[in-house]
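Only one structure is covered here, and it is reproduced in the block below.
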Amino acid sequence: MDLGIKGKSALVTASSKGIGRAIAESLAEEGCKVAICSRNKEELLAAAAEIKKKFGTEPVWSVCDLNKVKDIETTVESVKKQFGGIDIMVNNCGGPEPGYFQELSDESWQDAFEQVLLSAVRFCSLVVPDMILHEWGRIINITSIAVKQPIDRLMLSNSLRNGLIGYSKTLSNEIAKYNVTVNNIAPGYTLTNRIYDLAVNRAKQMEKSHEEVLIDMAKEIPMNRLASPEEVATVCTFLASKHASYITGNTIQVDGGLNKGIY
Ligand code: NAD
């Protein structure tokens with residue numbers, strides 16, 4: 001199927017590794033002009049070189065700490081300058097610090113708020129006006145299955161990601177008439193560095209090995225396995241496509257059945 005987004009420009013945040021990186025690759029495979037960003041220049045250079053090797057086009061990259069407003073502004077400015085605009089905005093971020101309610105300081109809450117919610121709001125403020133002008137655009141936020149079913153000891157993620165869901169739904173209502181869609185993806189357990197670190201962290205709490213923790217995670221999932229980052233990425237690319245033109249204000253779970261609720 002031709003997804004109809006060849007030549008569109010896409011900015012994917014937090015994309016040197018993991019799910020963000022897989023999304024950047026999937027969009028590059030569809031012929032999009034892709035921009036990647038994260039905090040570490042060396043990791044970005046390595047990711048850009050590998051993407052060029054796989055798909056023949058080198059992505060634009062920008063060093064960007066999602067907690068810094070200046071970095072966000074510079075990144076958007078630089079991508080707009082090089083691509084002439086941004087048609088597809090994928091708001092991904094690093095996972096916030098784990099912790100039970102008594103373990104989290106005001107500073108942890110503030111950091112997580114800036115990374116998980118405010119960074120997406122800031123990117124949208126900078127890219128949506130042009131999308132409205134061009135009467136076409138796609139905003140896709142990568143959240144977590146925690147927005148449907150809170151995950152133990154992930155207080156910050158469980159709380160702040162639902163703020164982003166509320167923001168997206170409200171924004172989608174405001175801008176749907178301009179053919180700008182806003183959707184969220186809620187991944188379940190996906191095999192990336194993040195899940196590995198979570199498993200190591202949980203293993204310490206539970207006096208188990210991280211391998212045992214990963215096996216226990218898989219047992220919670222009806223599909224009995226974790227997702228690959230590519231399985232999340234292809235759903236994102238579909239939401240970015242011309243065929244997803246009538247889907248907006250939604251949160252799509254990519255979780256192998258992990259969420260046991262009906263909605
Ligand atoms: P990952 O750790 O593999 O990759 C995270 C990326 O974010 C990296 O490129 C890292 O450099 C970048 N990053 C981290 N902090 C940043 C910052 N302040 N500014 C800019 N870039 C930053 O993580 P992942 O597993 O790919 O997860 C991506 C998102 O999806 C996270 O928010 C995570 O919580 C969420 N998620 C992951 C899973 C999972 O099982 N992997 C499940 C549900 C939700």
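Order of appearance sets the numbers: ligands from 1, and atoms from 1 within every ligand. Below, all heavy atoms of this structure are taken into account, side chains as well, without hydrogens, waters or symmetry copies. These numbers come from a predicted model, not from an experiment.
- Nearest heavy atom pair, residue Glu220 against residue Lys260, reads O-NZ, 2.8 Å.
- For residues 176-189, the set of pairs meeting the salt bridge (Lys or Arg N to Asp or Glu O under 4.0 Å) definition, not counting sequence neighbours, is empty.
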Table of N or O contacts for ligand 1, cutoff 3.5 Å:
from	atom 1	to	atom 2	distance (Å)
ligand 1	9 (O)	Ser16	N	3.3
ligand 1	9 (O)	Ser16	OG	2.9
ligand 1	9 (O)	Lys17	N	3.2
ligand 1	15 (N)	Arg39	NH2	3.2
ligand 1	18 (N)	Asp65	OD1	3.2
ligand 1	18 (N)	Gln115	NE2	3.3
ligand 1	19 (N)	Leu66	N	2.9
ligand 1	25 (O)	Thr192	OG1	2.3
ligand 1	26 (O)	Ile19	N	2.7
ligand 1	32 (O)	Cys93	O	2.8
ligand 1	32 (O)	Arg161	NH2	2.9
ligand 1	34 (O)	Arg161	NH2	2.7
ligand 1	34 (O)	Arg194	NE	3.1
ligand 1	40 (O)	Gly188	O	3.4
ligand 1	40 (O)	Thr190	N	2.6
ligand 1	40 (O)	Thr190	O	3.3
ligand 1	41 (N)	Thr190	O	3.0
ligand 1	41 (N)	Thr192	OG1	3.1

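- Residues passing the side chain to side chain contact (heavy atoms under 4.5 Å, CB included) test with Lys54 are Glu25, sequence neighbours excluded.
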Let me have the donor-acceptor pairs involving side chains of residues 196-205, under 3.5 Å, with sequence neighbours excluded, atom names and distances please.
from	atom 1	to	atom 2	distance (Å)
Tyr196	OH	His210	NE2	3.4
Asn201	OD1	Arg153	NH1	2.9

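- No option in Ile195, Thr192, Leu258, Thr190 other than Ile195 meets the side-chain contact (heavy atoms from CB on, under 4.5 Å) test with Leu226.
- In summary, of the residues considered (Pro98, Ser144, Ser157), a side-chain contact (heavy atoms from CB on, under 4.5 Å) with Ile151 occurs for Ser144 alone.
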